[in-house]
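Please read these numbers as outputs of a predicted model, since none were measured by experiment. Excluded from the calculations below are hydrogen atoms, water molecules and symmetry mates; all remaining heavy atoms, backbone and side chain alike, are included. This chain uses plain numbering: 1 for the first residue, then up along the sequence.
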Amino acid sequence: MRVPKTIAGALAGVALAAVAGVAHGETVTATGTAQAQVVAPAPLNNAKIVRAVAKARAVAIPAAFGAARNQATRFAEVGGLQLGLIQSIEEPAGSPFGYFGGGIYTTGRFGPNQYCGKVTTVRRGPRVEGRRGPVISRRRVTRCYKPSTIAVSVSVTYAATPIPLTAPQ
């Protein structure tokens, strides 16, 4: 599996930060979130949707890192700190409630990375006294459900050093 350059660079930063350490122990942690459209060609099948979700995540991850860096820079400026190397990276676990999470895999409607599956369709007769009509037939059909967007959230901790104060002359 090929790792995108932005992720490889971030991982290299973590490795360097682990070796270098922080002089004063200050850190700045910021969270970045981004989303990307999932575009899959018709007709839909599970493999096409999985590839489209992976491409959308590949677009959203660098944007989430950029958002985290921007937020960390603002925090550091207010706190009188200068950002250093990345100390740690975390991606919150996906939601157990379906489409609404990120994580290493995306939960589809039918399970992890499963966007196509069997559903039951029901055909009913005419309404009777304002109520739903009787069931005429049931069919099991295969349906695919593609998420419209993928959201990615990352929490990045940066080493920080105090900005030295200059004495008035």
Side-chain angles (χ1 to χ4, degrees), residues 1-15 17-18 27-75 85-158:
M1 181 174 151
R2 187 169 178 234
V3 178
K5 290 179 184 177
T6 54
I7 296 173
L11 294 175
V14 171
T27 60
V28 174
T29 301
T31 301
T33 303
Q35 67 179 6
Q37 295 287 347
V38 177
V39 180
L44 292 178
N45 64 37
N46 200 66
K48 287 180 183 179
I49 297 172
V50 168
R51 281 193 300 272
V53 167
K55 286 180 184 177
R57 279 186 54 79
V59 169
I61 288 172
F65 269 95
R69 178 73 182 196
N70 289 340
Q71 185 181 27
T73 302
R74 288 193 304 271
F75 289 162
L85 299 173
I86 294 174
Q87 297 293 305
S88 68
I89 301 169
E90 293 182 38
E91 183 176 15
S95 170
F97 302 110
Y99 285 124
F100 308 108
I104 294 171
Y105 59 84
T106 302
T107 301
R109 186 168 183 164
F110 301 99
N113 280 331
Q114 295 298 314
Y115 301 95
C116 299
K118 295 281 187 182
V119 295
T120 302
T121 60
V122 176
R123 195 170 130 224
R124 293 185 174 271
R127 290 186 167 267
V128 178
E129 297 177 9
R131 296 176 157 238
R132 292 189 299 184
V135 173
I136 294 175
S137 67
R138 294 177 197 270
R139 279 191 329 166
R140 301 266 302 155
V141 295
T142 300
R143 293 278 189 256
C144 294
Y145 298 94
K146 174 188 72 69
S148 59
T149 60
I150 292 296
V152 174
S153 181
V154 293
S155 178
V156 184
T157 301
Y158 294 91

Using every non-hydrogen atom in the two residues, find where [X] and [Y] come nearest and quote the distance to one decimal.
X: P134; Y: P126; result: CD-O, 4.0 Å
X: A52; Y: V39; result: CB-O, 3.3 Å
X: A34; Y: A63; result: CB-CB, 3.5 Å
X: Y115; Y: N46; result: N-OD1, 2.6 Å
X: S153; Y: T31; result: OG-CG2, 3.6 Å
X: A30; Y: A68; result: CB-O, 3.4 Å

Checking [X] side chain against [Y] main chain: does a donor-acceptor pair fall under 3.5 Å?
X: K48; Y: P43; result: yes
X: R123; Y: S137; result: no
X: N45; Y: C144; result: no

Could you tell me the separation between the [atom1] atom of [X] and the [atom2] atom of [Y], rounded to the nearest 0.5 Å?
X: Q114; Y: R109; atom1: CD; atom2: CZ; answer: 14.0 Å
X: I49; Y: C116; atom1: CD1; atom2: SG; answer: 4.5 Å
X: I150; Y: K55; atom1: CD1; atom2: NZ; answer: 14.0 Å
X: Y158; Y: T27; atom1: OH; atom2: OG1; answer: 12.5 Å
X: K118; Y: T142; atom1: NZ; atom2: OG1; answer: 3.5 Å

With side chains defined as the heavy atoms from C-beta onward, is the minimum distance between [X] and [Y] less than 4.5 Å?
X: V119; Y: Y145; answer: yes
X: P147; Y: V53; answer: yes
X: Q71; Y: V156; answer: no

The residue among V28, I89, T29 that forms side chain to side chain contact (heavy atoms under 4.5 Å, CB included) with T157 is T29

Look at atom CZ of R124 and say whether more than 12 heavy atoms of other residues, nucleotides or ligands are closer to it than 6.0 Å.
yes

On the ring face of F110, is R143 found with NZ or CZ under 6.0 Å from the centre and within 45° of the axis?
no

